[in-house]
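Right, one structure below, let's go through it.
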2 protein chains.
Amino acid sequence: MLSTYAGTAAPRNPVVAISPAEAVHWLDPLAPMGAIVRLGRNSEFVVQDEPSAFCFQIVSGCVRTAMAMEDGRRQIGEFLFAGDLLGYETDGPQPYAASAVGDVVLRRFRRCAIDRLAASDTEFDTALRQYLSGQLRTARKRIALLGRGTAGERIMSFLREMQARLCEGGATAFELPIKLVDVADYLGLALETVCRGVADLRKSGAIGGSRTYFVMPRLALRVLH
Amino acid sequence: MLSTYAGTAAPRNPVVAISPAEAVHWLDPLAPMGAIVRLGRNSEFVVQDEPSAFCFQIVSGCVRTAMAMEDGRRQIGEFLFAGDLLGYETDGPQPYAASAVGDVVLRRFRRCAIDRLAASDTEFDTALRQYLSGQLRTARKRIALLGRGTAGERIMSFLREMQARLCEGGATAFELPIKLVDVADYLGLALETVCRGVADLRKSGAIGGSRTYFVMPRLALRVLH
DNA sequence: CGGCCCATTGAAGCTCATCAAATCGAGTGG
DNA sequence: CCACTCGATTTGATGAGCTTCAATGGGCCG
């Protein structure tokens with residue numbers, strides 16, 4: 001596992017779009033220093049409680065971070081998609097493990113390479129800071145969701161997130177590449193609760209589609225932001 | 001409210017301690033640009049959903065950030081104490097309001113002043129990045145706690161946090177300056193649940209003290225990290 | 001001494017977790 | 001093409017943990 005190739009691939013989901021076709025990503029300047037890594041479904045490439053000198057940019061596919069407790073409880077920290085950066089913020093034992101949800105392609109960097117580039121490249125430095133700020137805002141929204149949101153709200157919020165990540169432009173339909181177990185551990189719910197919640201949303205007409213296919217309504221009607 | 005003075009005060013709870021007596025904080029280089037603000041109990045100085053051009057360093061006292069929903073539910077994002085920085089990560093409408101728990105003294109900066117200093121001072125830039133990374137790690141621990149922790153675990157985790165913030169050196173006893181309502185909204189619980197949880201911890205001997213006074217045991221025995 | 005804020009305790013109900021079993025769908029091999 | 005298998009989703013029944021509502025008690029300040 002964790003095979004390494006020399007090569008590049010154009011990252012999707014750019015933060016800065018210069019032109020519709022040729023997307024520029026803030027991590028691009030770092031690309032030459034990155035090794036491409038290809039992983040199969042469920043392979044774990046960051047181990048909980050062990051230090052890791054690496055960060056990863058998702059090139060394609062979906063990655064999850066997960067914190068496990070001794071008694072089997074599990075919390076998923078985030079799902080990452082093409083363009084996202086993983087593992088920068090923790091130097092030392094990693095509180096969350098990271099693994100591939102499906103097949104993924106990653107670009108691997110040493111953490112210090114990022115720090116070094118930040119020290120010399122002001123633009124990159126700003127982008128990194130904005131990235132961290134954004135992650136922090138996102139994490140805090142999730143704190144409110146997990147602290148005070150009902151099961152239905154958590155599920156709807158999750159689906160909106162996925163819509164934002166998985167739909168091109170203003171599209172509203174997507175195929176969810178994530179299993180219910182993972183969704184449940186992401187939302188702090190039981191798998192059955194998620195299943196029932198989704199069924200309820202479908203029966204009430206709040207969303208459309210069936211099984212792993214979702215059709216979201218246009219407007220964000222009162223979904224905990 | 002929100003009166004402003006020119007003046008300085010030595011920040012407690014430094015991130016970098018050069019000598020025991022003369023503590024140096026990473027925000028110190030910014031101090032000359034900051035205005036001192038004194039606020040009374042419960043005064044709100046950042047309003048939810050409204051933009052704010054300012055960041056604040058807590059000089060003394062305790063501050064809370066809170067997100068409120070239309071139906072009265074409320075989530076507290078964090079409690080901040082002397083030395084902490086608030087409000088850097090969000091430029092634009094603030095998802096969380098900020099208010100004083102008791103009387104507080106703050107130092108106020110423009111957000112752009114921080115960015116400007118970061119661009120010119122490498123050491124400060126690094127410290128800022130480490131600060132953001134630390135906040136992110138903290139927020140993600142909280143996500144696991146709120147997603148999967150029981151009431152008892154949340155409460156114990158909160159008390160440990162407070163011990164870390166409020167106790168000098170290795171002390172284990174502290175007076176909690178925060179009301180149960182706020183603790184409840186911080187932990188995503190009902191205030192009665194917090195009250196009962198604390199009572200249970202006391203009855204079982206897991207902690208000591210009474211009312212707002214807490215005596216923690218020495219070792220961290222299985223408290224969700 | 002009275003009023004107020006907050007902590008505390010009790011009782012009842014609801015949401016969600018847990019346990020168990022049925023069903024579905026995608027492969028896989030005969 | 002169909003039977004079989006395995007992983008995943010779905011549905012049902014029951015119960016635990018937490019919330020909610022209500023009332024009491026305790027400390028502090030005017």
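Convention: sequence-line order gives letters A, B, ...; per-chain numbering from 1.
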Provide, to the nearest angstrom, the distance between the CZ atom belonging to R154(A) and the C1' atom belonging to dA17(C).
12 Å
Tell me: CG of D185(B) to P of dT20(D), nearest whole Å?
11 Å
Is R202(A) reaching over with its side chain to a backbone N or O of G209(A), donor-acceptor style, under 3.5 angstrom?
yes
Rounding to an integer number of Å, can you tell me how far R74(B) CZ sits from dT19(D) P?
15 Å
Can you check the L189(B) CG to dC14(C) P distance for me, whole Å?
20 Å
Donor-acceptor pair, distance only, cut-off 3.5 Å: does the side chain of D185(B) make one with the backbone of D182(B)?
no
Using a 4.0 Å heavy-atom cut-off across all strands, classify G188(A) as base, sugar-phosphate, or nothing.
sugar-phosphate
Can you tell me which nucleotide in dT9(C), dA8(D), dC6(C) comes closest to the side chain of K179(B)?
dC6(C)
Nearest-Å distance for atom pair CG/C1', residues L201(A) and dT10(D)
16 Å
If you check the R196(B) side chain, which of dT19(D), dT11(D), dA7(C) turns out closest?
dT19(D)
Rounded to whole Å, the CZ-P distance (F214(B) to dA7(C)) equals 10 Å
Would you call E78(A) and R140(B) a salt bridge, using N to O less than 4.0 angstrom?
yes
Identify whether any heavy atom of A151(B) sits under 4.0 Å from a base atom; if not, whether one sits that close to sugar-phosphate; answer base, sugar-phosphate or nothing.
sugar-phosphate
Measuring from the side chain of T193(B) (C-beta onward, heavy atoms only), which nucleotide among dT10(D), dA7(C), dT19(D) has the closest atom?
dT19(D)
Between R211(B) and V181(A), the residue closer to the 5' end of DNA chain D by nearest nucleotide is V181(A)
Ignoring the backbone of C195(A), work out which of dT19(D), dA7(C), dT11(D) is nearest its side chain.
dT11(D)
Whole angstrom is fine here: how far is it from CZ in R73(A) over to P in dT18(C)?
9 Å
Report the distance from atom CG of L191(B) to atom P of dA22(D), rounded to the nearest whole Å.
15 Å
Rounded to the nearest 0.5 Å, how far does CG of L80(B) lie from CZ of R64(B)?
11.5 Å
From dT20(D), dT10(D), dT18(C), nucleotide with atom closest to E192(A) side chain:
dT18(C)
Nearest-nucleotide pick for R41(A), side chain only, options being dA8(D), dT19(D), dT10(D)
dA8(D)
